[in-house]
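Taking it in order: structure first as C-alpha cells, then the write-up.
What you see is a predicted model; the values in this text were computed from it and never measured. Computed from heavy atoms alone, side chains included, the values below leave out hydrogens, waters and symmetry copies.
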Amino acid sequence: MKLNERSLAFYATCDSPADNAGFLYKRGERHTAYHRRWFVLKGNMLFYFEERESREPVGVIVLEGGTVELCDSAEEFTFAIRFGGTKSRTYVLAAESQAAMESWVKSLSRASFDYMRLVVRELEKQLEEMRWGPATEAPTGSPSGPEWPPERLPALPAVLPKENGCAVWNNVPGADQLPNTSSCSGHDGEGNPRPPPLPPRRRAASSEAGSAGVATVESPSTFCQLHEQYGREVARLQQDWLERQ
C-alpha cells in the first residue's frame, strides 16, 4: 500500500479529535528492546512519534484487517497487533498500567472498518424498530400490524357530463327514475356501496309559476318588444333634452 507521507503527517498532527492518545512502549522489529513512543489513534490509523511535541510521526500502523490480543512477555501490560499472512509483521506494545492497557485494547479493537460496519448495521436495525416497531410485537389482525389487509375503498360515483361547466342531470341514464328502495343495504350486487341518488331535474308547472309569482325566462319575442319600448323612451328623452338646449 502506498501512502502519501505529507498527507499522513498533516492528518496525524491536525486538530481533528483523536480516538485515543498516550505513551506506549513499542518493541523493535530487529532488536527486542522497548522504546517509549507517543501514540495517536485516528480512525483506523495508529501514528507514533518520538516525543509528544514532535511535528511529524515516526511511523503509522494501518489497523485494517488486524486483531488485538494480549500476549505473554517479560514486560507487564503487553498486547500485540497481529495481521494475517506469513510475511506480516506483529507489533508488540506495552502500556504503563492495567487501565491504560485495557483502554488501548478496547480502542484498537474498534478501529477497523469491519467493526464500524457492524455498528452501522446495528444502529440501522434499532432505527427501523423505533420507526415501525418489531414485526413480532403487533398481533395478527391488528390495524397497526404490518400484515393488516388494506381497507376496501368505496367506488367513486360516475362522472357527470357537463355543458358550459354545469352538470346536466338529465343526460345521465336513469336520472329521471326514482331510486330503487327495495333493498336497504346500500350496496350493489358486488358489495360496493351505491353512490347517492341523483336529484331529478325540477320542472315548474305553468299553474304553479303563475300562482306563486315565480319569474320565468323571457322568450326572444318578449325581449325584442322590451328593447323597442325602452329604445323609443330613450329617443324621446334625448329629443326633449336637445330642445331645451
Side-chain angles (χ1 to χ4, degrees), residues 1-138 144 146:
M1 181 189 301
K2 295 183 179 180
L3 301 176
N4 188 291
E5 294 183 1
R6 291 186 178 180
S7 299
L8 287 178
F10 174 78
Y11 180 58
T13 57
C14 67
D15 295 335
S16 62
D19 299 319
N20 204 344
F23 282 104
L24 292 173
Y25 292 91
K26 176 181 174 292
R27 192 175 71 178
E29 184 178 5
R30 297 181 180 179
H31 306 283
T32 57
Y34 286 83
H35 302 277
R36 192 170 185 257
R37 298 287 185 257
W38 176 258
F39 282 79
V40 176
L41 175 63
K42 288 188 175 183
N44 62 349
M45 293 186 177
L46 181 62
F47 301 93
Y48 53 95
F49 303 77
E50 281 193 17
E51 299 293 338
R52 184 172 183 176
E53 294 79 11
S54 299
R55 303 184 63 178
E56 291 186 0
V58 178
V60 59
I61 304 174
V62 181
L63 301 172
E64 200 63 43
T67 58
V68 183
E69 57 186 35
L70 302 179
C71 60
D72 296 331
S73 177
E75 295 288 334
E76 293 183 337
F77 317 121
T78 59
F79 58 94
I81 304 174
R82 302 183 185 275
F83 296 91
T86 56
K87 297 183 180 181
S88 299
R89 179 182 174 182
T90 299
Y91 296 87
V92 180
L93 306 173
E96 296 180 344
S97 64
Q98 179 71 21
M101 182 191 69
E102 294 178 357
S103 174
W104 275 106
V105 170
K106 185 177 180 180
S107 300
L108 295 173
S109 300
R110 298 178 175 180
S112 65
F113 175 76
D114 293 335
Y115 178 82
M116 294 301 299
R117 181 169 52 187
L118 293 176
V119 172
V120 170
R121 287 181 179 177
E122 182 64 24
L123 293 176
E124 289 177 349
K125 181 180 178 181
Q126 294 179 9
L127 181 60
E128 291 297 326
E129 290 180 355
M130 292 175 61
R131 286 182 176 178
W132 311 107
T136 58
E137 188 175 286
S144 59

Legend entry - Beyond-backbone contact of Thr90 with Phe83, side-chain heavy atoms, under 4.5 angstrom: no
Legend entry - Any Tyr25 side-chain heavy atom under 4.5 Å of Phe77 side chain: no
Under the rule for side-chain hydrogen bond (donor to acceptor under 3.5 Å, both in side chains), what residues qualify as partners of [X], not counting sequence neighbours?
X: Glu56; value: none
X: Ser7; value: Asn4
X: Lys42; value: Ser16
X: Arg36; value: Glu96

Inset, instruction - Among residues two or more places apart or on two chains, list those pairs meeting salt bridge (Lys or Arg N to Asp or Glu O under 4.0 Å) that have a residue in residues 15-34. - result: Glu29-Arg89
What pairs with [X] under ring pair (Phe, Tyr, Trp, His ring centres under 6.0 Å), at least two apart in sequence or on another chain?
X: Phe79; value: none
X: Tyr48; value: Phe39
X: Phe23; value: Trp38

Which heavy atom in [X] sits nearest to a heavy atom in [Y], and how many Å separate them?
X: Trp104; Y: Gly22; value: CZ2-N, 3.6 Å
X: Cys71; Y: Thr78; value: O-OG1, 3.0 Å
X: Tyr11; Y: Gly43; value: OH-N, 4.2 Å
X: Thr13; Y: Ala9; value: OG1-O, 2.8 Å

Inset, instruction - Check step by step if side chain to side chain contact (heavy atoms under 4.5 Å, CB included) holds for Ile81 and Leu46. - result: CA-CA 11 Å; Ile81 304 174; Leu46 181 62; 4.1 Å; yes
Legend entry - Ser107 (side chain) donor-acceptor with Asn20 (main chain) under 3.5 angstrom: no
Legend entry - Donor-acceptor under 3.5 Å (Ser103 side chain, Ala99 main chain): no
Partner residues of [X] under the salt bridge (charged side-chain N to carboxylate O under 4.0 Å, His left out) criterion, sequence neighbours left out:
X: Arg55; value: none
X: Glu75; value: none
X: Arg82; value: Glu69

Can you tell me how far the [atom1] atom of [X] sits from the [atom2] atom of [Y], to the nearest 0.5 Å?
X: Leu93; Y: Ile61; atom1: CG; atom2: CD1; answer: 6.0 Å
X: Arg121; Y: Glu124; atom1: CZ; atom2: CD; answer: 8.5 Å
X: Met116; Y: Asn44; atom1: CE; atom2: CG; answer: 10.0 Å

Inset, instruction - Evaluate side chain to side chain contact (heavy atoms under 4.5 Å, CB included) for Val68 paired with Tyr91, printing each intermediate quantity in order. - result: CA-CA 10 Å; Val68 183; Tyr91 296 87; over 6 Å; no
Inset, instruction - Apply side chain to side chain contact (heavy atoms under 4.5 Å, CB included) to Tyr115 and list each qualifying residue two or more places apart in sequence or on a separate chain. - result: Arg110, Ser112, Val119
Inset, instruction - Check the pair Glu129 / Lys125 against side chain to side chain contact (heavy atoms under 4.5 Å, CB included), numbers first and verdict last. - result: CA-CA 6 Å; Glu129 290 180 355; Lys125 181 180 178 181; 3.7 Å; yes
Inset, instruction - Show your working on side chain to side chain contact (heavy atoms under 4.5 Å, CB included) between Ser54 and Glu51 and close with a plain yes or no. - result: CA-CA 5 Å; Ser54 299; Glu51 299 293 338; 3.6 Å; yes
